[in-house]
Amino acid sequence: MASRPIVVETQQLKKTYNLGTEKAVEVLHGVDMVAYAGEFIAIIGQSGSGKSTLLNILGALDQPTEGGAWIDGTEIGSLDSLGLAKLRGQKLGFVFQFHHLLEEFTCLENVLMPVSIQKGGPEPSDTAYAKELLDRVGLSSQLHKRTNQMSGGQQQRTAIVRALTNRPRLVLADEPTGNLDSRSGAEVFALMREIARELGVTFLMVTHDDRLAAAADRILRIEDGYLNEVYK
């Protein structure tokens with residue numbers, strides 16, 4: 001594993017809300033972690049344990065109170081707002097429990113949205129890559145359908161492709177199967193695992209599903225703000 005490039009690293013990462021007040025709450029207590037290219041890691045823990053806080057920091061959506069976090073060698077804390085937006089646009093993909101697709105746009109238009117925002121419009125190579133990915137996940141017949149005409153599983157697969165169209169190094173998935181039935185959830189999970197292996201994209205997936213977590217390369221548990229590896 002160590003021969004693979006490091007995509008995510010944190011050192012003594014801490015996060016305190018309401019810092020300097022009587023209501024100060026330290027959510028993360030010095031998190032150290034490393035994730036390599038192509039790894040699929042499940043993050044588990046009870047509600048309120050700090051899972052979403054960690055994902056928000058790694059997604060350049062929040063800043064740590066102390067410590068550092070690096071994405072593909074870039075320290076998040078060293079970036080200004082423009083640099084953070086660039087990092088999100090070029091290095092990161094996001095998949096959520098609810099697909100957050102725009103119903104007034106087609107499947108293909110939704111998938112191309114991140115590169116359209118980043119570049120002011122997709123290039124022919126972007127469109128070709130998006131179509132290739134959509135074909136790969138069995139959605140080539142859905143390209144020009146509006147997303148409200150698609151099933152829940154199809155919508156979530158569309159959201160996964162949207163997260164990959166900018167060729168990210170890291171995909172952050174927050175309960176990506178939580179809104180699906182068991183069969184669709186298993187299909188979506190298998191798809192993400194396949195993509196991680198074949199494209200070398202690192203996935204960090206927050207989940208409450210023990211079966212899915214057990215199928216990941218590694219399991220990390222957050223408990224009371226501390227991160228520990230669960231050995232399978």
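Keep in mind that the numbers below use all heavy atoms, side chains included, and drop hydrogens, waters and symmetry copies.
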Counting N and O atoms only, with roles assigned by atom type, does the side chain of D126 sit under 3.5 Å from a partner on the main chain of E123, one being a donor and the other an acceptor? yes

Rounded to the nearest 0.5 Å, what separation is found between the CG atom of L134 and the CG atom of L143? 6.0 Å

Residue pair Y129 / R167, side-chain heavy-atom distance below 4.5 Å: yes

Contacts of D72 meeting salt bridge (Lys or Arg N to Asp or Glu O under 4.0 Å) (sequence neighbours excluded), chain-then-number -> K91, R169

If you define the side chain from C-beta out and look only at heavy atoms, does anything of I222 sit under 4.5 Å from L54? yes

Would you indicate whether the side-chain heavy atoms of L227 and L13 approach each other to under 4.5 Å? no

Between atom OG1 of T10 and atom CD1 of I76, what is the distance when rounded to the nearest 0.5 Å? 9.5 Å

V111 vs L133 side-chain heavy atoms within contact, under 4.5 Å: no

Residues K51, D174: salt bridge by 4.0 Å N-O rule: no

Might you work through the side chain to side chain contact (heavy atoms under 4.5 Å, CB included) test for L220 and V230, ending with a clear yes or no? CA-CA 6 Å; L220 301 178; V230 177; over 6 Å; no

Heavy-atom closest pair, residues P168 and V201: O-CG2, 3.8 Å

Heavy atoms only: give me the nearest S116-P122 pair and the separation to one decimal. OG-CD, 3.2 Å

Only residue of T65, D62, T53 satisfying side-chain hydrogen bond (donor to acceptor under 3.5 Å, both in side chains) with K15 is D62

Do you know which two heavy atoms are closest between V161 and A130, and how far apart they sit? CG1-O, 4.3 Å

Is R193 close enough and on-axis enough to F203, meaning under 6.0 Å and within 45°, for cation-pi? no

From CZ (F189) to CG (L212), nearest 0.5 Å: 5.0 Å

Here the pair of heavy atoms bringing L204 nearest to A35 is CD2-CB, 4.4 Å

Under 4.5 Å between any side-chain heavy atoms of M150 and C107, yes or no? yes

Could you please spell out the steps behind the side chain to side chain contact (heavy atoms under 4.5 Å, CB included) verdict for L139 and D135? CA-CA 5 Å; L139 293 177; D135 180 62; over 6 Å; no

Atom CZ in F105, atom CE in M113: separation rounded to 0.5 Å? 4.5 Å

So, do Y36 and I41 sit near enough that their side-chain heavy atoms are less than 4.5 Å apart? no

Does CD in E75 sit with more than 12 non-hydrogen atoms of other residues, nucleotides or ligands closer than 6.0 Å? yes

Which value, rounded to the nearest 0.5 Å, describes the distance between R88 atom CZ and N166 atom CG? 12.5 Å

With ring pair (Phe, Tyr, Trp, His ring centres under 6.0 Å) as the rule and sequence neighbours excluded, what pairs involving residues 66-90 come up? none

Treating S78 as the side-chain partner and T74 as the backbone partner, does any N or O pair qualify as donor plus acceptor under 3.5 Å? no

Evaluate the side chain to side chain contact (heavy atoms under 4.5 Å, CB included) criterion for residues Q142 and T106: first the C-alpha distance (whole Å), next the side-chain angles of each, then the deciding distance (0.1 Å), finally the verdict. CA-CA 8 Å; Q142 308 294 315; T106 65; over 6 Å; no

Ring pair (Phe, Tyr, Trp, His ring centres under 6.0 Å) against Y226, all qualifying residues, sequence neighbours excluded: H29

Determine whether a donor-acceptor pair (N or O, by modelled atom type, separation under 3.5 Å) exists between the side chain of N148 and the backbone of E103. no

Could you check whether any side-chain N or O of D217 sits under 3.5 Å from a backbone N or O of F40, counting only pairs where one atom can act as donor and the other as acceptor? yes

Expected output: side-chain Q149 to main-chain R146 donor-acceptor under 3.5 Å: yes

CA sep, side-chain torsions, deciding dist, call: I160, I195, side chain to side chain contact (heavy atoms under 4.5 Å, CB included): CA-CA 10 Å; I160 292 170; I195 287 170; 4.1 Å; yes

Can you tell me how far apart CZ (R157) and CZ (R136) are? Round to the nearest 0.5 Å. 13.5 Å

Kindly give the heavy-atom pair with the smallest separation between A163 and V171, and that separation in Å. O-CG2, 4.4 Å

Is it the case that the side chain of E9 and the backbone of M33 share a donor-acceptor pair, with hydrogens and angles ignored and the cut-off at 3.5 Å? no

Minimal heavy-atom distance between A60 and L84, with the atoms involved, is CB-CD2, 3.9 Å

Compare all side-chain heavy atoms of M192 with those of M205 and state whether any distance is below 4.5 angstrom. yes

Strictly distance-based, threshold 3.5 Å: is any side-chain N or O of T202 a donor or acceptor partner for the main-chain N or O of L170? no

For a 4.5 angstrom cut-off between non-hydrogen side-chain atoms, does T165 reach P114? no

For residues Q154 and Q156, is any side-chain donor paired with an opposing acceptor at under 3.5 Å? no

Using a distance-only test with no angle check, is there a side-chain donor-acceptor pair under 3.5 angstrom linking D32 and Q12? yes

Are E229 and R218 close enough, and set up right, to give a salt bridge (Lys or Arg N to Asp or Glu O under 4.0 Å), and what steps lead you there? CA-CA 7 Å; E229 185 158 353; R218 286 196 287 147; 3.4 Å; yes

